[in-house]
Amino acid sequence: MIKMILKGWIHEIRDLGGIKFLILRNREGLYQIVLPKKKVPGEIFEKVSELNKEDVVLIECEKKESKAKDFEFEYLPSEITVLNRSETPLPLDPAEKVSAEMDTRLDNRFLDLRKRKIYSIFKIRSDLLRYAREFLLNNDFIEIHTPKIISTASEGGTDLFPVQYFEKKAYLSQSPQLYKEMMMAAGFDRVFEIAWYFRAEEHNTRRHLNESTAIDLEMAFIKDEEDVMETLENLIHHIIKNISENCKKELNEIGVEMDIPETPFKRITYDKAIEILNDRGSTIEWGEDLGTEDERILGEYMKENDIAYYFIKRFPAKKIFYIMPDGKYCRGFDLDCNGVEITSGGQRIHDHDLLVNRIREFGLNPANFEDYLKVFRYGMPPHGGFGMGIERLLMEILRLNNIRECILFPRDRNRIKP
RNA sequence: GCCUGGGUGGUGUAGUCCGGCCUAUCAUACGGGACUGUCACUCCCGUGACUCGGGUUCAAAUCCCGGCCCGGGCGCCA
């Protein structure tokens, strides 16, 4: 006979008259509390009739073997204390008898998060970050944090959110790129950052957030982009292997089985990708970026060959100004998973004059990049790195079809609360 | 930014094309009752809804116009 105390929420109440069953839920799972009329104190038996779903309770009880289908053990209560009541009816049902739409779920996210499946997503998210840090720290990377309030939009590219910074205008950062490269010039050799980024793009899709998180990495003294790719594939492998082995309960709750990808990952060139795509009916021409549909077709091609994770490399040089060119190609790469881009990176230009020329070639004014360019004048080693969206990665690993599932309180085109 | 779909009780839905026994379906929830092994407990009774405004019509959840809100595809996406 083991006496114990259980704390949690009332998940379900099944009142059969002479016997009552309470299902208690907490972070660990579900517990069956059994109350046969003749075996529990009368006042406790009566008290159960007053309980509502989602009341928070503390139960002093005795643990015993159970004959129940779903439970190995059950608990006979000697005292039930209501710590706090829940109003009725609930805005959504954490026991998931009826589903709720994404909007209802997000409006009541704290209740949505009480669902076992939803909790499991965020437990795995936490573990994903743990294994990522573990790998990177063990491989000599230093964790850094760089500013998220930045002074100018000189990085170019996407739209930034403006913020009022006292008497000055500032922006929310959309990438730590510039700062990671500064840290290479600072002699830190290998750095990574796990942080928030903000993008003011008015997209409205299952795959985009306006506030998202990423694992960014930069490493110096590399031979070429292959050094970075090797780090990336080993990182992914470490993360997936560990989640697969240590998060069985959560994966089961979500209902996914994970395949651990073999390293090294498949590499294909941009040229080869174009060839495959043209073979399969895409009208993409050399020099163009891969569209969403192109990425999907390529993912299908890979799937036919049992490949989930693959690199695309040797893109046309005109793709991004700060990536190291190599003839008409460049040393940038993307890592795609099942037809979705999850990482992009490459070897960066470390030569100041080359960088200035590239900035001009892209129709930009080097004078606007002075803070950035200065870093390249006083001894910048060869370097490269990548940025990987955490929500995108989690979405692919868990095969969720909406990126909003992968972040606690999503910020999208319409939503800024709760 | 372009294109597209939607808004029915607390929640999820049927009905909308083709207006009329819609006094709006079903489930779940909620309130009351019965029940000693449930495990989506079961059974009985009850409560509760057409996004807003205008128009067409004898008649509007249904058709038309506008507003508000939301989804999705593409583009964009260091």
Side-chain angles (χ1 to χ4, degrees), chain A residues 11-23 30-40 45 49 52-54 66-72 74 76 86-108 111-112 153-160 173-181 197-210 212 214 216-218 288-296 319-323 332-334 340-341 343-346 348 362 372 384-389 392 401-404 412-415:
Chain A
H11 188 70
E12 257 180 89
I13 304 165
R14 299 194 195 109
D15 183 346
L16 274 67
I19 184 167
K20 297 174 185 182
F21 297 91
L22 279 184
I23 310 301
L30 299 175
Y31 301 82
Q32 169 155 281
I33 317 299
V34 62
L35 297 98
K37 193 169 190 172
K38 288 178 183 164
K39 290 188 186 169
V40 295
F45 191 79
S49 322
N52 285 332
K53 284 185 187 172
E54 300 305 317
S66 175
K67 290 172 288 193
K69 257 188 268 172
D70 295 350
F71 299 95
E72 195 180 340
E74 62 188 21
L76 198 66
S86 170
E87 287 183 20
T88 61
L90 297 156
L92 61 78
D93 174 24
E96 291 183 274
K97 279 183 195 164
V98 278
S99 58
E101 290 202 330
M102 183 64 77
D103 214 39
T104 308
R105 291 175 48 202
L106 294 177
D107 281 343
N108 303 282
L111 276 176
D112 187 52
S154 69
E155 292 179 19
T158 52
D159 291 328
L160 306 180
S173 176
Q174 52 130 347
S175 158
Q177 186 58 33
L178 195 153
Y179 293 99
K180 285 193 300 176
E181 295 198 61
Y197 301 101
F198 309 89
R199 295 185 180 178
E201 303 286 342
E202 299 196 15
H203 31 49
N204 185 219
T205 78
R206 298 178 298 119
R207 308 182 308 282
H208 293 275
L209 293 168
N210 292 291
S212 69
D216 265 272
L217 172 154
E218 205 71 24
E288 289 178 335
D289 283 341
L290 270 56
T292 308
E293 178 65 7
D294 295 316
E295 287 180 349
R296 196 191 57 77
K319 199 187 172 197
I320 306 167
F321 80 79
Y322 61 85
I323 291 283
F333 63 82
D334 282 355
V340 178
E341 180 189 325
T343 310
S344 69
R348 327 296 189 186
F362 275 72
Y372 179 54
F386 61 79
M388 175 163 65
R392 279 277 175 95
N401 64 13
N402 193 321
I403 199 161
R404 281 167 270 227
D412 61 28
R413 179 65 185 83
N414 294 305
R415 181 175 289 277

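Each chain gets a letter, A, B and so on, in the order its sequence line appears, and its residues count up from 1.
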Query raised in the report: Any idea which of B/rC76, B/rA78, B/rU38 is nearest the A/Glu201 side chain?
Result: B/rC76

Query - N or O in side chain of A/Arg404 less than 4.0 angstrom from B/rG72 OP1/OP2 - result: yes

Query raised in the report: Base, sugar-phosphate alone, or nothing: which one does A/Gly346 contact when heavy atoms must sit under 4.0 Å apart?
Result: nothing

Query raised in the report: Closer than 4.0 Å, any side-chain N/O of A/Arg296 to the OP1 or OP2 of B/rC74?
Result: no

Requested in this report: Using atom CG of A/Asp412 as one end and atom P of B/rC69 as the other, report the distance to the nearest whole Å.
Outcome: 14 Å

Query - Where protein sits on nucleotides 40-52 of chain B, one letter per nucleotide: B base, S sugar-phosphate only, - none, heavy atoms under 4.0 Å - result: SB-----------

Query raised in the report: Reckon A/Phe386 touches a base, only the sugar-phosphate, or nothing at all at heavy-atom distances under 4.0 Å?
Result: nothing

Requested in this report: Look at all strands and tell whether A/Lys53 reaches a base, only sugar-phosphate, or nothing, counting heavy atoms closer than 4.0 Å.
Outcome: sugar-phosphate

Query raised in the report: For A/Asn402, which contact category applies under a 4.0 Å heavy-atom criterion: base, sugar-phosphate, or nothing?
Result: sugar-phosphate

Requested in this report: Answer with base, sugar-phosphate or nothing: what part of the nucleic acid does A/Arg413 contact at a heavy-atom distance below 4.0 Å?
Outcome: nothing

Query raised in the report: What is the base-pairing partner of B/rC68, counting Watson-Crick and G-U wobble geometry with both distances under 3.5 Å?
Result: B/rG7

Report task. Spell out, as yes or no, whether a donor-acceptor pair under 3.5 Å connects the side chain of A/Arg199 to the backbone of A/Gln174. Result -> yes

Query raised in the report: When you check every protein heavy atom under 4.0 Å of nucleotides 2-15 of chain B, what one-letter string (B, S, -) results, 5' to 3'?
Result: --------SBSS--

Report task. Return the value, rounded to whole Å, for the distance between atom NE2 of A/His208 and atom C1' of B/rA78. Result -> 15 Å

Query raised in the report: Does A/Arg199 have a side-chain nitrogen or oxygen under 4.0 Å from the phosphate oxygens OP1 or OP2 of B/rC76?
Result: no

Report task. Using the six-membered ring wherever Trp is involved, compare the ring planes of A/His208 and A/His203 and label them parallel, tilted or perpendicular (cut-offs 30° and 60°). Result -> parallel

Report task. Go ahead and name the base partner of B/rA61; Watson-Crick or wobble counts if both distances stay under 3.5 Å, otherwise write none. Result -> none

Query raised in the report: Counting just side-chain N and O atoms, does A/Asn204 come under 4.0 Å of either OP1 or OP2 of B/rG73?
Result: no

Query raised in the report: Does any N or O donor sit under 3.5 Å from an N or O acceptor when you compare the side chain of A/Glu293 with the base of B/rG75?
Result: no

Query raised in the report: Hey, does A/Glu74 reach any base, or is it just sugar-phosphate, or nothing, if we go heavy atoms under 4.0 Å?
Result: base

